Amino acid sequence: MAVVPLLLFGGLWSVIGASNVAVVTCGSVVKLLNTRHNVRLHSHDVRYGSGSGQQSVTGVTSVDDSNSYWRIRGKTATVCERGTPIKCGQPIRLTHVNTGRNLHSHHFTSPLSGNQEVSAFGEEGEGDYLDDWTVLCNGPYWVRDGEVRFKHSSTEVLLSVTGEQYGRPISGQKEVHGMAQPSQNNYWKAMEGIFMKPSELLKAEAHHTEL
């Protein structure tokens, strides 16, 4: 028989299944893998030479690149407490750890495919409402082993990769852009990172047991 962890909240024992513990939470720092093209969402202090001229966002095959870490935060002008599980349908921000800019989109044309440009925008984690992305997934929460889509909350494009590849100075990196239509090109999965303990979910489970 499998051993299921028991957690004590306010004198009440609650059984927490492994699938509930493996949710993705606010405050977590993760790498995001595009499962169709096997590249991780990446950014660096290199600006687009066209379009908005903002910091570029790409996809890289390297597993070890430190420029592929993103912090999961609440939507613009809100605070999502560390450890709060991300619900399917919830808007969030993804802040690039090394540069402090947020994943962003707007009505500019992406340089290679002619889709909608995706950039990194803002300073020290603060940008504007065009930094908000809605998490699309099945079930109540974004789980670590599940594939999700990210829909830009304002323009409704989906964060995508279709395989176009840059030359110098970022040779081999893939274009990341926004697409209007759902497809296999816009599925992402949380991979390496630091995952905050899902404290709020565990409290909710304990409260449900008490009722």
Side-chain angles (χ1 to χ4, degrees), residues 7-10 14 16 19-33 40-45 52 54-55 57 66-106 118-159 176 178 186 188-208 210-211:
L7 299 165
L8 181 64
F9 292 98
S14 177
I16 307 299
S19 61
N20 285 345
V21 174
V23 295
V24 178
T25 58
C26 285
S28 296
V29 174
V30 302
K31 293 183 179 181
L32 295 167
L33 176 72
R40 284 161 174 76
L41 188 68
H42 179 272
S43 192
H44 42 207
D45 200 10
S52 68
Q54 293 177 1
Q55 182 172 302
V57 173
S66 66
N67 276 315
S68 299
Y69 282 114
W70 301 82
R71 185 181 306 278
I72 301 170
R73 303 168 64 209
K75 69 177 183 177
T76 302
T78 69
V79 175
C80 186
E81 296 294 335
R82 187 173 68 179
T84 302
I86 302 296
K87 295 179 180 179
C88 296
Q90 178 178 336
I92 63 168
R93 280 175 292 176
L94 292 167
T95 301
H96 189 243
V97 171
N98 284 354
T99 63
R101 296 190 172 100
N102 298 321
L103 189 70
H104 182 94
S105 193
H106 40 209
V118 170
S119 63
F121 174 74
E123 298 294 336
E124 298 182 356
E126 298 306 317
D128 63 25
Y129 69 98
L130 293 173
D131 300 339
D132 295 341
W133 298 81
T134 300
V135 180
L136 305 180
C137 49
N138 296 318
Y141 296 102
W142 176 7
V143 295
R144 285 177 56 180
D145 60 355
E147 293 183 335
V148 301
R149 288 185 169 110
F150 299 102
K151 183 174 75 171
H152 191 239
S153 300
S154 295
T155 66
E156 299 191 341
V157 296
L158 297 162
L159 185 69
V176 172
N186 25 71
W188 300 84
K189 186 176 180 180
M191 299 297 286
E192 306 82 7
I194 301 170
F195 292 83
M196 295 295 117
K197 178 182 175 182
S199 54
E200 295 302 318
L201 177 60
L202 299 184
K203 291 177 184 177
E205 289 283 340
H207 178 69
H208 178 76
E210 186 176 15
L211 294 176

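Everything numeric in this text was worked out from a predicted model, so none of it was measured. Count residues from 1 along the sequence.
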Heavy-atom side-chain proximity of Lys197 to Thr25 below 4.5 angstrom: no
Atom of Trp70, atom of His96 and distance for their closest heavy-atom approach: CE3-N, 3.4 Å
Nearest-0.5 Å distance, CG of residue Leu136 to CG of residue Leu159: 11.0 Å
Neighbour count above 12 (heavy atom, 6.0 Å) for Asn138 CG: no
For Asp128, side chain to side chain contact (heavy atoms under 4.5 Å, CB included) partners two or more places apart: His104, Phe121, Leu130, Asp131
Spacing of Thr134 atom OG1 and Gln90 atom CD [to the nearest 0.5 Å]: 9.0 Å
Over all atoms of both residues, closest heavy-atom pair of Glu123 and Arg101: OE2-NH2, 3.1 Å
Side chains of Ser105 and Val157 in contact at under 4.5 Å (non-hydrogen atoms): yes
Exam field: side chain Ser68 to backbone Lys31, donor-acceptor pair closer than 3.5 Å: no
Student check: side-chain heavy atoms of Leu32 and Leu94 closer than 4.5 Å: yes
Shortest non-hydrogen contact from Gly139 toward Cys88: O-SG, 3.1 Å
CG on Leu33 to CH2 on Trp188, rounded to 0.5 Å: 8.0 Å
Nearest-0.5 Å distance, CZ of residue Arg149 to CG of residue Asn186: 4.5 Å
For His42 against Asn67, the heavy-atom pair lying closest together: NE2-CB, 3.3 Å
Expected output: side-chain Arg73 to main-chain Gly125 donor-acceptor under 3.5 Å: yes
Nearest-0.5 Å distance, OH of residue Tyr69 to CZ of residue Arg40: 9.5 Å
Exam field: side chain Asn98 to backbone Ser66, donor-acceptor pair closer than 3.5 Å: yes
Any donor-acceptor pair under 3.5 Å from Ser52 side chain to Gln54 backbone: yes
Expected output: side-chain Ser119 to main-chain Gln55 donor-acceptor under 3.5 Å: no
Step-by-step side-chain hydrogen bond (donor to acceptor under 3.5 Å, both in side chains) determination, Thr99 to Asp45: CA-CA 7 Å; Thr99 63; Asp45 200 10; over 6 Å; no
Atom pair CD/NZ of Glu147 and Lys189 - distance to nearest 0.5 Å: 7.0 Å
Where Met196 and Ile194 come nearest, the two heavy atoms and their spacing: CE-CG2, 3.5 Å
Side-chain touch Asp132/Arg93, heavy atoms, less than 4.5 angstrom: yes
Closest non-hydrogen atom pair between Ala120 and Val57, with its separation: N-CG2, 3.6 Å
Non-hydrogen side-chain atoms of Phe150 and Leu103 separated by less than 4.5 Å: no
